[in-house]
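Beneath this line is the structure, given in structure tokens, with notes to follow.
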Protein chains: 2
Amino acid sequence: MGTRSRTDERSTAERILDVAEQLVQNRGYNAVSYADVAAELDLTKAALHYHFAGKAELGEALLNRYVTRFAQALAVIDAKPVDATSKLTSYADLYLDVLQRQRMCLCGMLAAEFQTLPEPMRTIVVRFFKDNETWLSRVLSQGRTEGTLHFTGSTREAARFLIAALQGAMLVARPFEDTVRFRKAVSSLIAGLESKPSAHL
Amino acid sequence: MGTRSRTDERSTAERILDVAEQLVQNRGYNAVSYADVAAELDLTKAALHYHFAGKAELGEALLNRYVTRFAQALAVIDAKPVDATSKLTSYADLYLDVLQRQRMCLCGMLAAEFQTLPEPMRTIVVRFFKDNETWLSRVLSQGRTEGTLHFTGSTREAARFLIAALQGAMLVARPFEDTVRFRKAVSSLIAGLESKPSAHL
DNA sequence: GTCTATAGGCAGATAGAC
DNA sequence: GTCTATCTGCCTATAGAC
């Protein structure tokens with residue numbers, strides 16, 4: 001545990017973020033201490049304070065990196081000229097990857113703990129959701145134009161619904177240690193967007 | 001703060017549970033201390049230990065009461081001879097009530113913190129979701145029989161999807177302090193069950 | 001049933017040597 | 001950059017008086 005391999009050339013700051021990220025996504029921000037992170041890296045708490053002044057700064061750095069990476073992943077999806085449905089599937093796969101590594105979405109986790117977060121962290125969590133909303137809105141709009149996706153209401157409303165459903169599916173899947181639950185929820189979600197809604201009367 | 005009113009005849013144990021419940025649903029289990037609860041009731045930490053041996057026992061008592069109350073609320077819904085759609089609406093209203101009191105569903109919150117919970121609490125959280133699944137499955141089954149609800153896949157799968165979507169909608173609504181988001185998510189959910197799915201080709 | 005007092009531990013954080 | 005040592009404060013928990 002924590003023994004640095006010869007080929008591990010990431011900076012200490014990066015390795016601290018890696019460990020902290022894993023721990024926070026798994027246990028929550030309030031259940032992770034400097035001691036936990038330091039132990040996993042065979043460092044002392046003081047060494048952590050050298051790289052990140054305090055827990056709030058560590059949390060902020062953690063969030064910024066996560067949000068940036070997520071945005072990059074979305075850019076990769078955008079780069080492929082595919083239909084809206086396969087973009088949505090790729091999007092859901094991002095969440096599935098997180099879940100399969102025994103983690104909750106960092107921002108989903110922090111949304112639960114939101115009331116206890118320092119203001120700078122709150123701002124970033126909110127921005128994450130807004131950015132996801134915006135990206136999904138564009139994909140949904142594309143789908144409507146293509147005629148591949150069908151939904152009532154605004155694209156933004158549908159985007160919000162997608163985010164909520166995915167976050168909730170992750171949240172509930174974890175206590176059951178059941179990624180199948182999550183996959184089925186994704187299938188239901190996408191199926192619901194592919195079929196034309198028709199009034200029942 | 002904490003001054004007991006003349007007409008407040010709940011037992012101290014109940015009042016402790018009330019305060020602890022509010023705090024945990026708002027901040028999370030790991031962010032609530034005996035001191036927080038005691039302060040709000042003008043009691044000492046030692047007095048709390050008299051009623052609940054430790055934090056794990058308090059958490060367990062909290063959960064048991066919550067699960068029992070939720071089951072009672074579902075029984076009330078079942079008592080009315082109404083169609084499945086209005087049962088679902090009443091079900092969603094239970095969550096809306098929680099959200100409007102600045103809270104997350106207790107078990108949704110604890111699902112996020114699941115990895116840090118003592119085993120007895122974990123068991124109850126899982127049971128909560130299973131019980132909800134079972135109850136919703138029956139309502140969905142009723143709706144299918146009535147011809148008022150339409151969905152593909154098993155009732156259990158649809159029930160799981162509903163729970164995930166509602167929990168996720170609460171989770172995300174809170175950072176935005178926006179109950180409208182939640183209401184719209186509920187509308188989308190129920191609308192999706194009322195319309196007949198039809199292939200788009 | 002509630003209190004004071006206190007134990008023992010871990011939290012986040014800092015000073016200063018190397 | 002990392003260490004040892006230490007600080008202060010809060011945590012859960014207990015003993016024993018009232």
Side-chain angles (χ1 to χ4, degrees), chain A residues 1-6 8-21 23-24 26-63 110 113 115-122, chain B residues 1-6 8-21 23-24 26-63 110 113 115-122:
Chain A
M1 195 82 74
T3 315
R4 188 172 182 181
S5 81
R6 197 180 49 79
D8 187 352
E9 300 191 353
R10 285 165 300 161
S11 72
T12 301
E14 281 176 275
R15 286 181 300 125
I16 290 169
L17 289 177
D18 288 343
V19 168
E21 187 178 77
L23 288 172
V24 173
N26 192 251
R27 302 186 202 163
Y29 180 74
N30 291 316
V32 174
S33 71
Y34 264 48
D36 293 329
V37 178
E40 201 110 356
L41 290 166
D42 287 315
L43 291 177
T44 59
K45 290 186 283 173
L48 262 62
H49 279 286
Y50 169 80
H51 293 279
F52 301 96
K55 198 181 174 183
E57 287 78 13
L58 175 56
E60 223 179 310
L62 214 57
L63 265 171
L110 296 179
E113 298 179 291
Q115 299 297 326
T116 71
L117 299 183
E119 184 52 48
M121 290 184 67
R122 290 188 183 196
Chain B
M1 194 84 75
T3 315
R4 188 173 182 179
S5 81
R6 198 180 48 81
D8 185 353
E9 301 191 352
R10 286 165 299 161
S11 71
T12 301
E14 282 177 275
R15 285 181 301 124
I16 291 170
L17 288 177
D18 288 343
V19 168
E21 186 178 78
L23 288 172
V24 172
N26 192 252
R27 301 186 202 164
Y29 180 75
N30 291 316
V32 174
S33 72
Y34 264 48
D36 294 329
V37 178
E40 201 110 354
L41 289 166
D42 287 315
L43 289 178
T44 59
K45 291 184 283 171
L48 261 62
H49 279 286
Y50 170 80
H51 293 280
F52 302 96
K55 199 181 175 185
E57 288 77 14
L58 175 55
E60 221 180 310
L62 215 55
L63 265 170
L110 296 180
E113 299 179 292
Q115 299 298 325
T116 71
L117 299 182
E119 183 52 48
M121 289 183 69
R122 291 189 183 195

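Convention: sequence-line order gives letters A, B, ...; per-chain numbering from 1.
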Show each protein N/O and nucleotides 9-11 of chain D N/O combination with a separation under 3.5 Å, one pair to a line.
unit_1: D:dC11; atom_1: OP1; unit_2: B:Ser33; atom_2: OG; d: 3.0

Which atoms of nucleotides 16-18 of chain C (N or O only) lie under 3.5 Å from a protein N or O atom, and what are those distances?
none

Exercise for the section: Rounded to the nearest angstrom, tell me the gap between atom CG in A:Leu41 and atom P in D:dG1. Expected result: 15 Å
Practice task
Would you tell me if any nitrogen or oxygen in the side chain of A:Tyr50 comes within less than 4.0 Å of OP1 or OP2 on D:dG1?
Solution key: yes
Exercise for the section: Can you sort out the partners of B:Arg27 under salt bridge (Lys or Arg N to Asp or Glu O under 4.0 Å), two or more places apart, ordered by chain and number? Expected result: B:Asp36
Exercise for the section: Apply ring-ring contact (aromatic ring centres under 6.0 Å, His included) to A:His49 and list each qualifying residue two or more places apart in sequence or on a separate chain. Expected result: A:Tyr34
Problem - Options D:dT12, C:dG1, C:dA13, nucleotide nearest the side-chain atoms of B:His49 - result: D:dT12
Handout entry: Any residue meeting side chain to side chain donor-acceptor pair (under 3.5 Å) with B:Asn26, in chain and number order, not counting sequence neighbours
Key = none
Fill in the blank from the handout: Quick note, A:Ala47 side chain, CB onward, closest among D:dT12, C:dC3, D:dC3 is D:dC3
Exercise for the section: Can you spot which of A:Leu17, A:Asp18, A:Leu23 makes a side-chain contact (heavy atoms from CB on, under 4.5 Å) with A:Val37? Expected result: A:Leu23
Exercise for the section: Return yes if a side-chain donor-acceptor contact under 3.5 Å exists between B:Thr116 and B:Glu113, otherwise no. Expected result: no
Completion exercise
Sequence neighbours excluded, the answer for salt bridge (Lys or Arg N to Asp or Glu O under 4.0 Å) partners of B:Glu21 is B:Arg65, B:Arg69, B:Arg103
